[in-house]
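Following: one structure in C-alpha cells, then a few remarks.
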Amino acid sequence: MSVFKVFDVAGSGMSAQMLRLNTVASNLANAETVAGSEQAVYKARHPVFESVLNEVGQQDEMATVKVSGIIEQQTAAIPHYRPSHPLANAEGYVYSPDIDAVTEMANMISASRSYQNNVEVLSTVKELMLRTLQLGQG
Amino acid sequence: MAINFDKAFGIHDKALLLFERRTQLLSENIANADTPGYKARDIDFDKVLQNAQGGAQGQSLKLQATHKGHIDSSLQAFADEVQYRKVEQSAADGNTVDVQKEKAAFAENSMRYQTTMQILSRRISGLKNAFRGE
C-alpha cells in the first residue's frame, strides 16, 4: 500500500523541520553568549536538507527528507570592549557571535509553517484511510 | 442478469489508485518544500483519464498482467505519468516546490478521493439492496 508511505514522507519532513527549529532555538539562545576569544565563540548552526529517493521497486520511489548535515556559520565574531567582563582577554575584549535575531525568527516561522503543512498532510491522509476502511459499511 | 463487480464499480476503483499515488507525490512535494534542488512532481489527472477513456493505453490505469500470478500493484502503476512540474518561479536553491499550489492540489486530490469513495460506497449499498431483494 503506497498510501502508508505518506506517513514516512511527512514524518521525515516533520523531523527535518523540527531539527531546523532546534537549531533556530539554539542560535537565538546563544545570540548573546560571549567568549574570551574569537575561536571559542558560539557559531550559528544551520541544517542542510537533502531529499532521499528511496527506490522500492524499479519504477516506484519515495522522496523523503534527510538532514545531511549541520553547518556552522563562518562569519567573524563581533568584538566588544568590556575590560570588566570576567571573560575578557588581555586587551579587554569579549566576542559575541554574529547572529541576526530577525533572520532567525523568520527562519523559525518558515520552519513552523512547513511543519504545519506536513501535519496537515498526515491528518488528511489518516482521515482518508479511515474512510477507506469503512467503505461499504454504511 | 448477472451482477458484475467490474461493471458496478466502473472506473472508480482504479481512480482510487490514481488518487492514492497522487497523494503520495504531493506529500513528497510538501515535505521537500525546503530541500535545495528538489524538483516537484505530479501526475496529470486529465491525461491519465484521457488515456483510460481512449482505451489505446489502457494499461496506464492497470499494469498489464501477462501471468496469472501477477498482482496489480498501485506502487508501480502510473510510473509513466509522473512528471516534473513546470517551473513558474524558480528558487535560488533550485527547489521548484510552490507550497501554496501543492496544498491546493493536495486538497483537490483528497476531495476527488472522497468523492470517488462516496460513489463506490453508494454502488456497494446498491448492490447490497439488490442482494437482499428488498
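Note on naming: letters A, B, ... go to the chains in the order of the sequence lines (proteins, then strands), and numbering restarts at 1 for each one.
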Crowding at CD, Gln73(A) (>12 non-hydrogen neighbours, <6.0 Å): yes
Within one Ile-Leu-Val-Met-Phe-Trp-Tyr cluster: Met111(B) and Leu122(A), side-chain cutoff 4.5 Å: no
Working for side chain to side chain contact (heavy atoms under 4.5 Å, CB included), residues Gln17(A) and Asp34(B): CA-CA 9 Å; Gln17(A) 298 298 341; Asp34(B) 297 320; 2.8 Å; yes
Pick from Val125(A), Thr132(A), Thr124(A) with the largest number of heavy-atom pairs that fall under 4.5 Å of chain B: Thr132(A)
Segment of Arg41(B) engaging chain A (4.5 angstrom heavy-atom cut-off): side chain
Val65(A) reachable from Val52(A) in the ILVMFWY side-chain graph, under 4.5 Å edges: no
Residues of residues 92-105 of chain B within contact distance of chain A, non-hydrogen under 4.5 Å: Val99(B), Lys103(B)
Test item: side-chain donor near acceptor, Asp42(B) and Tyr84(B), under 3.5 Å: no
Within 6.0 Å of CD in Glu72(A), more than 12 heavy atoms from elsewhere: yes
Residues forming a ring pair (Phe, Tyr, Trp, His ring centres under 6.0 Å) with Phe19(B), sequence neighbours excluded: Phe45(B)
Pairs of heavy atoms under 4.5 Å with chain A: top-ranked of Ser27(B), Gly37(B), Ala107(B), Ala33(B): Ser27(B)
Atom OH of Tyr93(A): over 12 foreign heavy atoms under 6.0 Å: no
Option in Leu16(B), Asn32(B), Thr23(B) with maximal non-hydrogen atom pairs under 4.5 Å from chain A: Asn32(B)
